[in-house]
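For the single chain, residues carry numbers from 1 onward in sequence order.
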Amino acid sequence: MARTVPIEKIRNIGIAAHIDAGKTTTTERILYYSGKTYKIGEVDDGAAVMDWMVQEQERGITITSAATSCYWGENRINIIDTPGHVDFTVEVERSLRILDGLVALFCAVGGVEPQSETVWRQATKYNIPRIAFVNKMDRSGADFFYVVEMMKSKFNVNPIPVQIPIGKEDKFTGIIDLVTMKAILYKDVMGIKYSVEEIPADMADIANKYRQELIENIANYNDDILHKYIENIDISESEIISALRKITLEVNAVPVLCGASFKNKGIQHLLDAVVNFLPSPVDISDPKGINPDSGEEETRKARDDESFSGLLFKVMTDPFVGKLNYVRIYSGSLKVGTQVLNTTTDNKDRVSKIIELHANSRVEIDEAFCGDIVGVVGLKNVKTGDTLCAPSKPIKYESIVFPDPVISIAIEPKTKSDQEKLGVALNKIAEEDPTFKINIDSDSGQTIISGMGELHLEIIVDRMLREFKVDASVGKPQVAYRETITRDVEVEGKYIRQSGGRGQYGHAVLHFYPNEYGKGFEFLDKTKGGTIPKEYIKPIEMGIIDAMQSGELAGYPVVDVKAVLLDGSYHEVDSSDLAFRIAGGRAFREANTKGAPILLEPIMDIEVVVPDEYMGEVIGDLNSKRGKIMSVMLRNNLRIVKADVPLVMMFGYATDLRSKTQGRATFTMQFKKHEPVPESIANELLRKVKGSIAV
């Protein structure tokens, strides 16, 4: 099977934004105008192609990232539609890891909202070229130029409008293309018919102003454009597009477009911008990885004749094909029946099926090529972030790091048959979702499930009932507390056992320090003169990590600790990995007791959008929840209240806010950091924990 589309004409893009900015609606229009679907699916009707899960259709939100592809001219565009709700940020993180470009959507009314900032930070981490689409220009309060200014101030980036709107709100009738200097006027309410005309006379001045800004901005990065601009020489459309593409790929600027997806306005020109400005797989830097045999860094070329390599970025349970693995191919090609090596686990598997993805429908293909995003069937014992490659030329790419869960609930099956089904269901969901964790409480024997928020866990419980037919009782949400030490301490860890035969001998001297917030656990070896052989250093570290899973105060995991190995001793015969692992664990437990341990609680970044008349009540309520008001801003006659509030105080807040504001306020919440629990509250919490253990 030969490649049908040259790799230079492939675009792997994501569509990401804050919740309700119109991501799925925009994707549905792209599929319609590109000829992929013959009918536009609406989110509000529960008929969107990309929102195929029952839970998505009922709630009108995207929960899982859906992949599809379409053609625009000679170009193939692979699209991943991502969720906007912060509870499902894992879907955005793993999608951005493997994408080449991003369409960042912004609501023309809300502008840069909290999840927009989160997505932008994630894209910046992976250095992904972006274009921006200011959606909902037909909504009351829409302001294109306000959103552009917000992008500058919030992201510290260089947004370059390549379009400006003609009118706004109910008078939004078209757009001016600043590259061609033509007006695109929509002729019907739904925006399906349009004509390209001269710029209206009353818009000429503002169009010329932004055209000049566009040229000046490009000239800052392009000497040829600068020369022509200074010499007053005409600059062609192709020159502008080529120069703008270059600075977009170098992440020096973000082209900004506008439209109204629900009314079908601006979508065709957004597709043109995706092709013109966003990268193909050969435009990005060649992927780098580590050779697992030599430990040396290696590079793969984005070519079909290279050895196969790819990153598995999503695992899904499919009712028709079983376990479906989403793979981005970085080099080479992949055929059905090929054996691949998983360099993360060192296992080899044979590919039984390759599937072209379109939401939840499946088309089997014989071969996939460099730059493709496909579903692969036949892989065992795989997880998100694994590298797949040709066994003859191994490489391991950087995996994907996910945030820790912040909320937990206890779940109890109602019957014995439910008990068996529960284990199967939880394990399958955990395979799919790296931010979902399962734990069996050693004291109560309860099954505790943890996730990123109330909605996240609510969806999981709903899936267990509907998909896996598990009938279970669910407890109240519990906060995922953490523990840490507050002072440094030097301790000795020993494990010495003498018996008739070979004994056990492990001895380590360690200094433990409180680490900076968010740094996690760090381990340094400062032993000298071979006091401890090198092969026993790693077991000491592993012993400390084992012991950190349960703190001294209340059994919560310990975080942000730095351990420095200073000294120790060993026995020629009796020393072993196990002895030093136990010695490391004992050293940490003693240090944890002596290091003045404290409890940490998750603090959430809250943004409440509230009418002015309710602002006082909202702020008073947040203060009563131990919240710190960080800022209050004005946006389109609404107040934006930003606050840091402990997660434990936020359960049921949606209902509280509705009742206090007659349903006129909205809020978003995302994890920000861990902070020490106030002493009086910590003491009460510890009394409860110790009381439940005693019972």
Side-chain angles (χ1 to χ4, degrees), residues 404 437 439 441-443 479-498 503-571 574-602 673-679 681-683 685-687 689-690 693:
D404 290 329
K437 305 292 183 190
N439 184 41
D441 189 286
S442 55
D443 297 305
V479 173
Y481 290 97
R482 296 287 183 265
E483 298 181 22
T484 193
I485 59 173
T486 57
R487 62 168 172 248
D488 57 313
V489 59
E490 189 172 310
V491 294
E492 233 178 328
K494 284 185 181 179
Y495 182 63
I496 301 171
R497 287 282 182 275
Q498 298 299 334
Q504 294 283 358
Y505 187 97
H507 171 223
V509 179
L510 293 124
H511 202 123
F512 289 90
Y513 301 86
N515 211 350
E516 287 178 48
Y517 168 71
K519 276 285 190 77
F521 172 63
E522 287 185 283
F523 180 83
L524 291 175
D525 172 23
K526 288 195 175 178
T527 55
K528 293 176 183 174
T531 52
I532 300 176
K534 289 294 178 190
E535 64 265 26
Y536 297 138
I537 303 297
K538 190 68 178 175
I540 294 171
E541 182 182 355
M542 296 309 297
I544 296 169
I545 292 170
D546 291 343
M548 287 177 67
Q549 302 311 305
S550 179
E552 291 294 311
L553 284 177
Y556 295 112
V558 183
V559 295
D560 300 335
V561 171
K562 184 175 183 178
V564 179
L565 179 61
L566 301 173
D567 201 0
S569 60
Y570 72 103
H571 190 280
D574 292 348
S575 285
S576 65
D577 286 3
L578 177 63
F580 276 98
R581 189 164 185 153
I582 294 171
R586 286 185 171 181
F588 175 75
R589 278 188 283 275
E590 184 181 342
N592 196 19
T593 305
K594 293 177 177 177
I598 58 168
L599 274 184
L600 301 173
E601 63 181 345
K673 58 183 176 180
H674 279 96
E675 275 189 358
V677 180
E679 191 175 349
I681 295 169
N683 291 338
L685 186 66
L686 292 173
R687 270 198 299 274
V689 170
K690 286 168 183 172
I693 291 172

**Message:** Taking ring-ring contact (aromatic ring centres under 6.0 Å, His included) as the cut-off, I'd like each qualifying pair that reaches into residues 577-597, sequence neighbours left out, listed once.
**Reply:**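 Listed once each, the pairs are Phe512-Phe588, Tyr536-Phe580.
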Quick one: does [X]'s side chain have a donor or acceptor within less than 3.5 Å of a partner on [Y]'s backbone?
{"X": "Thr486", "Y": "Ala596", "result": "yes"}
{"X": "Glu541", "Y": "Ile537", "result": "no"}
{"X": "Glu483", "Y": "Ala554", "result": "yes"}
{"X": "Tyr517", "Y": "His674", "result": "yes"}

**Message:** Nearest 0.5 angstrom please: Arg497 CZ to Ser576 OG, how far?
**Reply:**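 Reported to 0.5 Å precision, the distance equals 12.0 Å.
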**Message:** If the test is side-chain contact (heavy atoms from CB on, under 4.5 Å), which one of Asn683, Ile598, Leu599, Val479 qualifies with Val677?
**Reply:**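 Going through the options one by one, the only one that passes is Leu599.
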**Item:** Partner of Asn515 by side-chain contact (heavy atoms from CB on, under 4.5 Å), out of Thr484, Asp560, Ile485
**Value:** Asp560
Could you check if a side-chain atom of [X] sits within less than 4.5 angstrom of a side-chain atom of [Y], using non-hydrogen atoms only?
{"X": "Glu601", "Y": "Tyr481", "value": "yes"}
{"X": "Val561", "Y": "Ile544", "value": "no"}
{"X": "Arg581", "Y": "Asp546", "value": "yes"}

Who pairs with [X] by salt bridge (charged side-chain N to carboxylate O under 4.0 Å, His left out), at least two apart in sequence or on another chain?
{"X": "Asp577", "value": "none"}
{"X": "Lys494", "value": "none"}
{"X": "Glu679", "value": "none"}

**Request:** Output all residues satisfying ring pair (Phe, Tyr, Trp, His ring centres under 6.0 Å) with Tyr513, sequence neighbours left out; order by chain, then residue number.
**Result:** His511
**Fill in**
For Lys534, the side-chain hydrogen bond (donor to acceptor under 3.5 Å, both in side chains) test, sequence neighbours excluded, returns Asp525
